[in-house]
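Atoms within each ligand, like the ligands themselves, are counted from 1 in listed order. Hydrogens, waters and symmetry mates play no part in the numbers below; they use all other heavy atoms, side chains included.
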Amino acid sequence: MRTHITTLAAVRNLGILAHVDAGKTTVTERILFATGTTHKRGEVHDGTTVTDFDPQERDRGITIFAAAVSCAWDEHRINLIDTPGHVDFADEVERSLRVLDGAVAVFDAVAGVEPQSESVWRQADRHGVPRIAFVNKMDRAGADLDRAVDSIRRRLHPAPLVVQLPIGAEDTFTGVVDLVRMRALVWADDVGTATRVPVPEELRQEAARRRRELEEKVAELHPAALEEFCDRETLSGDTLAATLRDLTRSGDGVVVLCGSAYRNRGIEPLLDAVVAYLPSPLDVPAVRGVHDGAEQERAADPEAPFAGLVFKVNAGATGRLACVRVYAGTIEKGDTVWDPGTGRTERVARILRVMADRHLQLDRAVAGDIVALVGVKSARVGATLCDPGAPLLLEPPRAAEPVVSVAVEARRATDTGRLATALARLAEEDPALVVRTDPETGQTVLSGMGELHLEVAVEKIRRDDGPEVVVGRPRVACRETVVEGVSGFVFRHVKQDGGAGQFAHVVLDVDPLGPEVGVTGFVFRSAVTGGRVPQEYVRAVEAGCRDALAEGPLDGHPVTGLRVTLTDGSTHVKDSSDTAFRTAGRLGLREALRACATALLEPVAEVTVTVPEDAVGSVLGDLAARRGRVGGSEARGGTAVLTATVPMAELFGYATRLRSRTQGRGTFTTRPAGYAPAPRPAPVR
Ligand SMILES: Nc1nc2c(ncn2[C@@H]2O[C@H](COP(=O)(O)OP(=O)(O)OP(=O)(O)O)[C@@H](O)[C@H]2O)c(=O)[nH]1
């Protein structure tokens, strides 16, 4: 394999995107095999693939952790990222898309566009990532390229530009006609390379018809090609190739190829297309960032000051690897870099080119490259690393709000420390996982994107570190509030039991804090006149009232959204003290709250659900059943975007439900939106 490929124009930062099981991992394996990066073909069902190297991925047969792999093809370096296809891991796909310049979208030749391919396609649209499509599994019974292309056109709305005609079908699929160069490639078996042959006699007419169709389509989309087409009534192979490259890079068209990754057919032309049509780091806009409040651009120039983005951290037991997209400049082994987010400097001990589970040591990495750094100890996922002399803060990838939480604890108390270490490592690798201690219960709570996400996280702890983990049922933290207050509530704390007595007399007004139920906060003030209650006792009353807020009169949840006014009181010459007034504040407010009208509050989230239009009715019905209040609905090219306020307690299980209601085509994001009145009993799930 050639490793001295340094010019930026010869780099392709590539993602492989698809629905679960379309064959992303197999395509990646075959690319590594074809490029000589591996010498043995890995198989998903044997658990021997290179990119799915996490034991769970091998067991579950799904790709969970995007793996970066570099390989070389036709004097180009391809940095390849294999990405997960499940909704719960959309955040990981999102982070990968942020640093990629182009993608191959893999489809199943029998199923066509599947639900999750729609979601990742839209994610790639949002990031403006140019794509080519690879219709895989052409060897399967029922494989149909035309039908798959039709579903791509109908469901994803690009302009598909089909550049191949399959030779044979299903188990006799043996090759493709290249419609751009009008030649054929055939594969004699499942391991050998392609042989170039003339277009078979029986396919010549059909190939000519499809070539014509392709020329017309391309001319329709590209003014310069249209001019040549009008002049000459045809397009040359070179013009066609150059135009396909332009259309791909502008996003105006999507080149479609086909093959069977499993049978190792169609991979070489796919690599040729990646090199020919997808953009290099030079073809994408300069990266933007801010410094001192001013926006700045930095071009993909090896001579510019260094700037890179950490998009993945692997905090494995063998050391910390930070995967970085170098956007500008050059980084060398031993360099000191700066993290403007934290203000820390880091020293780059080693630079590695990641080849799935092996690494190649480099002396330097230049703009446009994707490498892993060793020695970067604190930079988190999403952090910028830059030249300390030329600071620039890049926009971090969008982080999703965790929607599901579970309490976790080590089965054996002696494992508590190990569990804490394992959780910290998980959260470091995956910013969509949040670990916190519930101040009310003292439990360790793990929050994430969905049940599968949390399930996989817990499983990873068991595998990596051994401690057995007990996972609780998810809960939401409710509050209680005052709806109607009391005024002039009198409380006397009097204790006379032999020794020193206790005396404190307080008069309290309790009011709701705001006009609307759901306002949070606590305000205390004193309106006592004439020094009837000295200032230090007023402070003690306030402290006592705060103590009383810990448990409300309804269900013992913390109390919020109220104002307490100390309006009057009196002291005893001998028996009054701070302690007595603090007790009076605590017990007095507790009793006063019982005299108020109070309500239970629950946390709510603003949920944005994106669903195909045919699933809107079912999704709305489900939101209503979850006590959701729909605020708006907007149609966007075949999909609807619904916004609703939904109690967080009702969101548990939503990822799974939405997946099943929309056959996996729906996506949602949530944002905490405060508290709202809850039904009783408390909605704890
Ligand atoms: N018949 C046939 N099967 C294939 C082909 N490519 C992949 N498969 C099989 O399809 C299944 C899924 O393939 P993967 O490569 O794991 O798919 P993936 O898209 O990476 O799936 P996730 O890792 O779960 O996201 C495996 O059993 C593969 O052996 C193909 O070209 N033809």
Checklist line | Arg131 to Trp121 six-membered ring, cation-pi geometry met (6.0 Å, 45°) | finding: yes
Next item on the list: Could you list which atoms of ligand 1 come closer than 4.0 Å to a heavy atom of Arg140?
Entry: 1 (N)
Check: Can you find an N or O of Val27 that's nearer than 3.5 Å to an N or O of ligand 1?
Finding: no
Check: In ligand 1, which numbered atoms sit nearer than 4.0 Å to a non-hydrogen atom of Tyr262?
Finding: 2 (C), 3 (N), 4 (C), 5 (C), 6 (N), 29 (O), 30 (C), 31 (O), 32 (N)
Item checked: Proximal ligand 1 atoms for Asp139, defined as those under 4.0 Å from one of its heavy atoms -> 1 (N), 2 (C), 30 (C), 31 (O), 32 (N)
Next item on the list: Just let me know how Thr26 lines up against ligand 1, side chain, backbone, both or neither, with a heavy-atom cut-off below 4.0 Å.
Entry: both
Margin query: Is there a polar contact, in the sense of an N or O pair closer than 3.5 Å, between Ala261 and ligand 1?
Written below: yes
Note to self: Regarding Asp369 and Asn79, do their side chains bring together a donor and an acceptor under 3.5 Å, going by distance alone?
What the structure shows: yes
Next item on the list: Run the numbers on Asp101 and Leu278 for side-chain contact (heavy atoms from CB on, under 4.5 Å), then give the verdict.
Entry: CA-CA 8 Å; Asp101 301 325; Leu278 287 177; over 6 Å; no
Check: Can you find an N or O of Arg263 that's nearer than 3.5 Å to an N or O of ligand 1?
Finding: no
Margin query: Restricting to side-chain contact (heavy atoms from CB on, under 4.5 Å), what partner residues turn up for Val470, sequence neighbours left out?
Written below: Glu409, Arg411
Next item on the list: Given side-chain contact (heavy atoms from CB on, under 4.5 Å), test Lys460 with Leu426 step by step and report yes or no.
Entry: CA-CA 8 Å; Lys460 194 162 158 54; Leu426 272 182; 4.0 Å; yes
Check: Closest heavy-atom contact between Asn264 and Arg30?
Finding: OD1-CD, 3.4 Å
